[in-house]
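Below is one structure, written out as structure tokens; the observations come after it.
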Amino acid sequence: MKKNIIFELVKKEEARQRQMIGLIPSENHISPEVSAVLSSSLSSKYAEGYPGRRYYEGNQIIDEIENLAKERIKKLFGVPHANVQPYSGSPANSAVQFALLELGDTMMGLALASGGHLTHGHPKVTFSGRYFRSVQYGLDDRARIDFDQVRELALKHQPKLMIIGNTAYPFLMDFKKFREIAEEVGAYVLADISHVTGLVIAGEHPNPVPYVDVVMSTTHKTFRGPRGAMILVTAAGLKRDPELSDKIDKAVFPALQGGPHNATTAGIAIAAAEAMTPAFKRYGKQIRRNADALAAALQKQGLKLVGDGTETHLMLIDLTNYGQGFGLQVAFAMDVAGIYANRNTIPHEPMSPFYPSGVRLGTPMVTTRGMKEKEMRQIAAWIARVVEIVKDEQLPADKKLRQQFIRDFRAKASKNKQLLAIRKEVEKMASKFPLFTWK
Ligand SMILES: *Cc1c(COP(=O)(O)O)cnc(C)c1O
């Protein structure tokens with residue numbers, strides 16, 4: 001048979017992941033079981049509708065799978081209703097907004113620049129910001145959610161929906177406090193725990209379920225399942241609005257989606273079973289220990305962290321004392337050195353999302369591979385060396401020169417001997433840790 005170029009590329013990507021160290025806090029390595037169902041015959045089936053109410057024949061087994069996934073998720077979180085069909089986190093947030101808001105209604109979310117997600121009402125470029133009246137809250141001087149501002153804005157704008165959730169916020173979310181404010185204005189509360197689901201399950205992060213009406217989570221981040229999402233309706237939510245589950249289900253299908261991705265549904269069912277084990281709790285606890293170790297070691301190396309540390313799986317290096325807009329160079333150089341992360345804005349970002357002043361790091365992936373505190377200290381030392389190697393590569397002040405500067409920098413850094421020497425060390429360590437360690 002002719003060589004299949006896509007298979008070759010998949011192999012290459014697998015090798016890339018194996019040889020490098022991944023610190024992107026929103027990524028994870030799935031278990032062999034989750035991986036197996038994703039490439040199964042379940043992908044060949046249409047199942048528009050919900051179990052017992054499909055628009056296609058032949059869904060007897062798919063119904064069993066989706067029911068199992070739903071039951072396991074409900075049990076795991078102690079909620080009366082779950083929808084596991086959203087294609088991913090962004091469409092799931094859109095579904096919640098479609099279910100609870102009318103065109104032009106007011107909603108509130110954490111601003112992107114403060115660590116919120118685009119779908120939480122980012123103005124102009126998103127569905128959530130264009131079709132609803134979006135009010136955005138931010139952080140205080142300690143880089144924590146500014147609850148005084150949340151309350152002030154809520155009282156002033158009387159939102160119908162308030163969202164608490166984040167993608168680049170290293171601290172715990174106080175769902176109780178948020179709920180109290182929402183109660184004052186009668187708003188629905190959505191907790192988007194996409195990033196921290198695994199920590200919630202492990203008891204390492206406050207649980208939103210007692211305090212919010214709806215919980216949304218992606219299933220591919222700390223939950224360690226397939227790319228997808230789930231929407232949970234809590235007992236509190238049902239009490240406040242007995243039609244809530246129905247509204248959510250109708251928003252997912254038929255309002256926004258067609259047939260569910262059944263292979264993903266099966267993957268969610270497997271990931272849910274994995275998440276119920278003591279091993280998963282140990283995993284969540286080790287993510288936290290590793291994050292603390294990485295944060296402390298980075299600080300010991302003289303690197304500054306936003307808000308001085310982490311209470312979760314992620315942290316943000318604030319590079320402004322080296323130069324504004326230095327995140328791109330550091331993230332690129334880290335990649336050359338075998339450690340991949342992402343450049344990120346920091347609170348009160350002086351530059352722009354394209355040339356931000358921070359780098360975001362997280363420990364879910366390295367923890368899945370079985371790395372511990374000792375490895376975190378080594379990784380911190382490598383990152384500090386990378387920063388030192390490229391510290392003079394600062395963005396030119398003249399905006400017109402920046403693109404060319406970045407092109408030249410990339411070409412030069414890709415061949416930098418010191419960075420490539422670190423890569424050798426990284427690969428040696430990575431080779432001792434398989435992509436998924438099930439223990
Ligand atoms: C990742 C994330 C999303 C979006 O998920 P996608 O699957 O990328 O669409 C939404 N909200 C939060 C808080 C996230 O971290």
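Counting starts at 1 for both ligands and their atoms, in listed order.
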Inset, instruction - Identify whether NZ of Lys or CZ of Arg in Arg179 sits under 6.0 Å from the centre of the six-membered ring of Tyr211 and within 45° of that ring's axis. - result: no

Legend entry - For ligand 1, the portion of Arg227 having any non-hydrogen atom under 4.0 Å away: neither

Inset, instruction - Could you check whether the rings of His117 and His120 sit parallel, tilted or perpendicular, using 30° and 60° as the cut-offs? - result: tilted

Legend entry - For Asn93, atoms of ligand 1 separated by under 4.0 Å from a heavy atom: 10 (C), 11 (N)

Inset, instruction - Could you label the plane-to-plane angle of the His313 and His195 rings as parallel, tilted or perpendicular, counting under 30° as parallel and over 60° as perpendicular? - result: tilted

Inset, instruction - Return the residue, atom name and 0.1 Å-rounded distance of the protein heavy atom closest to atom 3 (C) of ligand 1. - result: His117 NE2, 3.2 Å

Inset, instruction - Would you mind telling me if ligand 1 is within reach of the side chain of Ser90, the backbone, both or neither, using heavy atoms under 4.0 Å? - result: both

Inset, instruction - Return the residue, atom name and 0.1 Å-rounded distance of the protein heavy atom closest to atom 14 (C) of ligand 1. - result: Lys221 NZ, 2.9 Å

Legend entry - Donor-acceptor pair between Ser128 and Thr126 side chains, under 3.5 angstrom: yes

Inset, instruction - Find all atoms of ligand 1 within a distance of less than 4.0 Å from any non-hydrogen atom belonging to His220, and give their numbers and elements. - result: 7 (O)

Inset, instruction - With heavy atoms of His195 as the reference, note each atom of ligand 1 found under 4.0 Å away. - result: 15 (O)

Inset, instruction - Specify whether Tyr87 and His261 have parallel, tilted or perpendicular ring planes, treating 30° as the upper limit for parallel and 60° as the lower limit for perpendicular. - result: parallel

Legend entry - Proximal atoms of ligand 1 relative to Thr167 (non-hydrogen, under 4.0 Å): 12 (C), 13 (C), 14 (C), 15 (O)

Legend entry - Close-contact set for ligand 1 against Asn166 heavy atoms, below 4.0 Å: 13 (C), 15 (O)

Legend entry - Shortest protein contact, atom 13 (C) of ligand 1 (heavy atom only): Asp192 OD2, 3.1 Å

Legend entry - Protein contact to atom 7 (O) of ligand 1 [nearest heavy atom, distance to 0.1 Å]: Ser88 OG, 2.4 Å

Inset, instruction - Fit a plane to each ring of Phe127 and Phe132, take the angle between them on a 0 to 90° scale, and name the class: parallel (under 30°), tilted (30 to 60°) or perpendicular (over 60°). - result: perpendicular

Inset, instruction - Report yes if Gly89 has an N/O atom closer than 3.5 Å to an N/O atom of ligand 1; otherwise report no. - result: yes

Inset, instruction - Answer yes if the side chains of Glu373 and Gln378 hold a donor-acceptor pair under 3.5 Å, and no otherwise. - result: no

Inset, instruction - Please say whether the positively charged group of Arg142, taken as NZ for Lys or CZ for Arg, lies over the ring of Phe171, i.e. under 6.0 angstrom from the six-membered ring centre and within 45 degrees of the axis. - result: no

Legend entry - N-O pairing of Asp105 and Arg133 below 4.0 Å: no

Legend entry - For Thr218, atoms of ligand 1 separated by under 4.0 Å from a heavy atom: 5 (O), 7 (O)

